[in-house]
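Since the structure comes first, as structure tokens, the remarks are kept for the end.
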Amino acid sequence: MRTLVHIHDLSFAPFISETTIQTRVKELAAQLDAEYAGKNPIFLAVLNGAFMFAADLFKQLTCQPELSFVKVSSYVGTQSSGRVDELIGLQTALKDRHVVIIEDILDTGVTMDKIGTLLQSEQPASLAVCALLLKPASYKGKHQPQYIGFEIEDRFVVGYGLDYKELGRELPAVYQLIN
Ligand code: XMP
Ligand code: MG
């Protein structure tokens, strides 16, 4: 694992190694397989951050998972109600399906609450969240996520899909901001 990583104006130190991540990904996959085997689950990976986690998780899953990549987009609607959220990229009907959202990180939980609300209107049979990272100290989401890779302190992290101003996603490990 590299030592310090410099991105734009900031420096990051090694935090969760590639080996540690891969071990945990295997454990999560085993848990998901136990729950979803025979249920024809569909996993929705949230772009851009979750791409690497989703790819590694999928290599381990044996529950015959389907995969779709989605993105939350916020736009100014035609009504005076201000900004409207929509989920783009979804091409499969989710009604009566077992759905698992794959996220990179849950911080305040605002993003996940938005996604949860949008997906509940599709009437899935079940809806679960699998996130690589959770910051418990700042998380205020409506639901506790079911599958979490690592709980971390409230510090900015990059790597393994996570970016700082769009850089750092390619790193195979997670790094945390140092000051
Ligand atoms: P919320 O607060 O809605 O935030 O749960 C989720 C989104 O915020 C981004 N985020 C981070 N991105 N390092 C990052 O690279 C971090 O430490 C971090 N904390 C939050 C991320 O896009 C996530 O989907
Ligand atoms: Mg980001």
Side-chain angles (χ1 to χ4, degrees), residues 16 21-79 81-136 138-152 157 159-163 169 172 174:
I16 309 175
I21 293 171
Q22 295 305 332
T23 301
R24 187 72 188 120
V25 165
K26 284 188 186 130
E27 291 171 358
L28 287 173
Q31 260 183 283
L32 288 160
D33 281 336
E35 179 63 34
Y36 290 99
K39 291 185 174 172
N40 186 29
I42 178 160
F43 287 71
L44 305 182
V46 183
L47 292 172
N48 294 327
F51 82 97
M52 199 176 281
F53 178 41
D56 284 343
L57 193 63
F58 257 64
K59 285 182 260 180
Q60 303 297 330
L61 290 173
T62 59
C63 60
Q64 293 199 301
E66 290 180 32
L67 175 65
S68 213
F69 285 94
V70 297
K71 196 157 193 163
V72 190
S73 151
S74 174
Y75 63 97
V76 180
T78 53
Q79 306 298 313
S81 52
R83 299 198 75 79
V84 181
D85 295 310
E86 67 172 350
L87 206 58
I88 56 177
L90 202 57
Q91 262 132 25
T92 313
L94 299 181
K95 186 163 165 48
D96 302 326
R97 297 292 306 272
H98 293 280
V99 178
V100 182
I101 305 165
I102 305 178
E103 255 288 27
D104 51 358
I105 186 166
L106 303 176
D107 190 344
T108 62
V110 168
T111 309
M112 190 44 66
D113 278 355
K114 283 181 187 171
I115 295 172
T117 303
L118 291 165
L119 289 178
Q120 283 299 354
S121 67
E122 306 272 327
Q123 298 178 274
S126 69
L127 185 58
V129 175
C130 176
L132 178 74
L133 304 171
L134 169 70
K135 293 179 177 173
S138 43
Y139 188 73
K140 308 232 162 13
K142 287 186 208 136
H143 308 283
Q144 274 314 113
Q146 295 85 341
Y147 305 93
I148 294 296
F150 305 92
E151 295 196 352
I152 63 170
V157 293
Y160 200 69
L162 291 144
D163 72 302
R169 296 191 197 277
V174 174

CG of Leu44 to CD1 of Ile115: how many Å apart, nearest 0.5 Å?
-> 9.0 Å

With sequence neighbours excluded, residues passing side-chain contact (heavy atoms from CB on, under 4.5 Å) with Gln144 = Tyr139

Check the pair Gln22 / Asp56 against side-chain hydrogen bond (donor to acceptor under 3.5 Å, both in side chains), numbers first and verdict last.
-> CA-CA 8 Å; Gln22 295 305 332; Asp56 284 343; 2.9 Å; yes

Can you find a heavy atom in the side chain of Lys135 that is under 4.5 Å from one in the side chain of Ile105?
-> yes

Do Leu133 and Leu106 have side chains that get closer than 4.5 Å, going by heavy atoms?
-> no

Roughly how far apart are Ser68 OG and Ile101 CD1, rounded to 0.5 Å?
-> 12.5 Å

Between side-chain atoms of residues 25-36 and protein atoms elsewhere (two or more places apart, or another chain), which donor-acceptor pairs fall under 3.5 Å?
unit_1	atom_1	unit_2	atom_2	d
Glu27	OE1	Arg24	NH1	2.7
Asp33	OD1	Thr62	N	2.9
Asp33	OD1	Cys63	N	3.0
Asp33	OD2	Thr62	N	3.1
Asp33	OD2	Thr62	OG1	3.0
Glu35	OE2	Lys39	NZ	3.1

Do Leu87 and Leu119 come close enough that some side-chain heavy atom pair is under 4.5 Å?
-> yes

What pairs of residues pass the salt bridge (charged side-chain N to carboxylate O under 4.0 Å, His left out) test when at least one of them lies in residues 109-119, not counting sequence neighbours?
-> Asp85-Lys114

Pro172: partners by side-chain contact (heavy atoms from CB on, under 4.5 Å), with sequence neighbours left out | Glu18

So how far is it from Cys130 SG to Ile148 CD1, rounded to the nearest 0.5 Å?
-> 7.5 Å

Closest heavy-atom pair, Ile102 versus Ala54, reported as atoms and distance to 0.1 Å, is CD1-CB, 4.0 Å

Could you pull out all residues at least two apart from Gln146 that satisfy side chain to side chain donor-acceptor pair (under 3.5 Å)?
-> none

Reported CG-to-CG distance for the pair Leu132 and Leu57, which is rounded to 0.5 angstrom | 9.5 Å

Under the ring-ring contact (aromatic ring centres under 6.0 Å, His included) test, residues paired with Phe58 that sit two or more places apart = Phe43

Could you grab the distance from atom CE of Met112 to atom CG of Leu134, nearest 0.5 Å is fine?
-> 10.5 Å

Listed by chain and number, what are the side-chain contact (heavy atoms from CB on, under 4.5 Å) partners of Thr117, not counting sequence neighbours?
-> Lys142

For Leu67 and Ile42, run side-chain contact (heavy atoms from CB on, under 4.5 Å): C-alpha distance rounded to whole Å, both residues' side-chain angles, the deciding distance at 0.1 Å, then the answer.
-> CA-CA 6 Å; Leu67 175 65; Ile42 178 160; over 6 Å; no

Not counting sequence neighbours, which residues clear salt bridge (Lys or Arg N to Asp or Glu O under 4.0 Å) with Arg169? List them please.
-> Asp163, Glu166

Residues passing the side chain to side chain donor-acceptor pair (under 3.5 Å) test with Glu66, sequence neighbours excluded, are Arg97

Taking all atoms of both residues into account, what is the closest heavy-atom pair of Val70 and Leu90, and its distance?
-> CG1-CD1, 3.9 Å

Any side chain to side chain donor-acceptor pair (under 3.5 Å) involving residues 98-109? Give me the pairs, sequence neighbours left out, ordered by first then second residue.
-> His98-Ser126, Asp107-Ser138

Got a sec, which residues hit salt bridge (Lys or Arg N to Asp or Glu O under 4.0 Å) with Glu86, two or more places apart in sequence or on another chain?
-> none

Distance, nearest 0.5 Å, that separates OG1 of Thr92 from CD of Glu122 | 10.0 Å

